[in-house]
Amino acid sequence: MNINWDLVAKVAIPLGTLVLGKYLDRWLAKRPKLVMYLGHASAFTIHGNNPSVIHTHSIVIRNAGRETANNVRVGHSVLPEHYQLYPAVPHSVVQVPDGLAEIVIPKMVPGEEVTISYLYFPPLLWSQIHVYTKSDEGFAKVLNVLPTPQPPKWVIRCLWVVLFVGAVAILYTIAELLQRLAR
């Protein structure tokens, strides 16, 4: 089988440029990238003369970008009286229209992570408290996380290379079939 190197170049160069451009933009772009996820949600029953239930949950906010995130705002439909930021960072609580309250963190530097823990009582549930997380630069990406072991970076890179080679091979095969059908 003769390989048409001209066709290979016509397919591979635009694909390579696309992939290279995407990763160069990601690596070189200096912008904040806020991510937020639920750390935990729990309910504790306190036994004794007056049994009661206490609810608790936490959210984790991280600036995974390469630039400082300004005025990080965590919106709440109901802000419990008992909450705590860890590590302790300067913040303020601002009342906004419609009865919402925001915890405002003035700055989050790249790589900084803040956990906000809440303590409250029924009938309030964790899903009724937190509304949004955003900064001056945009909304945070909400992650649904599961504790999972991560493969090493070299394994992920190898899988991307195999995926890319496979995509090029499929595109080359399709182009060859189309060229033969056109004859």
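Each residue takes its place number in the sequence, starting with 1.
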Query - Residue pair Asn70, Ser135: steps toward the side chain to side chain contact (heavy atoms under 4.5 Å, CB included) verdict - result: CA-CA 6 Å; Asn70 296 299; Ser135 70; over 6 Å; no
Query - Pair Arg73-Asp136, side chain to side chain contact (heavy atoms under 4.5 Å, CB included): steps then yes or no - result: CA-CA 9 Å; Arg73 295 182 293 281; Asp136 288 349; 3.0 Å; yes
Query raised in the report: Checking side chain to side chain contact (heavy atoms under 4.5 Å, CB included) for the pair Thr173/Leu177: CA distance, chi angles, key distance, verdict?
Result: CA-CA 6 Å; Thr173 304; Leu177 287 172; 4.3 Å; yes
Requested in this report: Please lay out, stage by stage, how Val93 and Val104 fare under the test side chain to side chain contact (heavy atoms under 4.5 Å, CB included).
Outcome: CA-CA 6 Å; Val93 176; Val104 180; over 6 Å; no
Query raised in the report: Given Tyr120 and His57, is the ring pair (Phe, Tyr, Trp, His ring centres under 6.0 Å) satisfied, shown in steps?
Result: CA-CA 9 Å; Tyr120 47 95; His57 81 276; 5.5 Å; yes
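Contact check for Asn71 versus Lys107: no side-chain heavy atoms found under the 4.5 Å cut-off. Residues Thr56 and Phe44 have side chains in contact (heavy-atom distance under 4.5 Å, counting atoms from C-beta outward). Residues Ile170 and Ile174 form a side-chain contact, since some pair of their non-hydrogen atoms from C-beta on lies under 4.5 Å apart. In this structure, the side chains of Ile61 and Ile59 come closer than 4.5 Å at one or more pairs of heavy atoms. Counting heavy atoms from C-beta outward, Thr68 and Pro110 have side chains that approach closer than 4.5 Å. With contacts defined as side-chain heavy-atom distances shorter than 4.5 Å, the pair His47/Thr45 qualifies. Side-chain atoms of Val155 and Pro152, non-hydrogen and from C-beta on, do get closer than 4.5 Å to each other. Two residues are said to be in side-chain contact when any heavy atoms from C-beta on lie closer than 4.5 Å; Ile54 and Leu119 meet this criterion.
The nearest pair of heavy atoms linking Pro123 to Gln128 is O-OE1, 3.6 Å. The two residues Gly48 and Pro51 make their nearest non-hydrogen contact at O-CD, 3.6 Å. Heavy atoms only, all atoms of each residue included: Pro32 and Glu137 are closest at CG-CG, 3.4 Å. Ile129 and Val78 get closest at one heavy-atom pair: CG2-O, 3.2 Å.
With 3.5 Å as the limit, one finds a donor-acceptor pair spanning the side chains of Glu102 and Tyr132. Residues His130 and Ser127 have side chains that never bring a donor and an acceptor to within less than 3.5 angstrom of each other.
A single hydrophobic cluster is not seen to contain both Tyr86 and Leu34; linkage of ILVMFWY side chains at heavy-atom distances under 4.5 Å, directly or through other members, places them apart. Under the 4.5 Å side-chain heavy-atom criterion for Ile, Leu, Val, Met, Phe, Trp and Tyr, Val89 and Met36 are members of the same hydrophobic cluster. Hydrophobic clustering of Ile, Leu, Val, Met, Phe, Trp and Tyr side chains at less than 4.5 Å, counting indirect connections, keeps Trp154 apart from Leu163. No continuous path of hydrophobic side-chain contacts links Val94 to Leu79 [ILVMFWY only; heavy atoms under 4.5 Å]. Placement of Val35 and Val142 in two distinct hydrophobic clusters is found when ILVMFWY residues are connected by side-chain heavy-atom separations under 4.5 Å, directly or transitively.
Here the straight-line distance linking atom CZ of Phe121 with atom CD of Glu81 works out to 8.5 Å at 0.5 Å rounding. If you take CD1 on Ile103 and OG1 on Thr133, they are separated by 9.5 Å, rounding to the nearest 0.5 Å. Put simply, CD on Gln179 and OH on Tyr172 are 8.0 Å apart, with the number rounded to the nearest 0.5 Å. Here the OG1 atom belonging to Thr115 is positioned 10.0 Å from the NE2 atom belonging to His40, to the nearest 0.5 angstrom. Ile105 contributes atom CD1, which lies 9.5 Å from atom OG of Ser92 (distance to the nearest 0.5 angstrom).
Although no hydrogens or angles enter the test, the distance criterion places no donor-acceptor pair under 3.5 Å between the side chain of Arg62 and the main chain of Val60. Not one N or O on the side chain of Ser58 forms a donor-acceptor pair closer than 3.5 Å with the backbone of Ile116. When atom types are taken as modelled, the side chain of Asn63 and the backbone of Gly65 share a donor-acceptor pair closer than 3.5 angstrom.
The environment of CZ in Phe164 is crowded: more than 12 heavy-atom neighbours from other residues, nucleotides or ligands sit within 6.0 Å.
A distance below 6.0 Å separates the ring centres of Tyr118 and His76.
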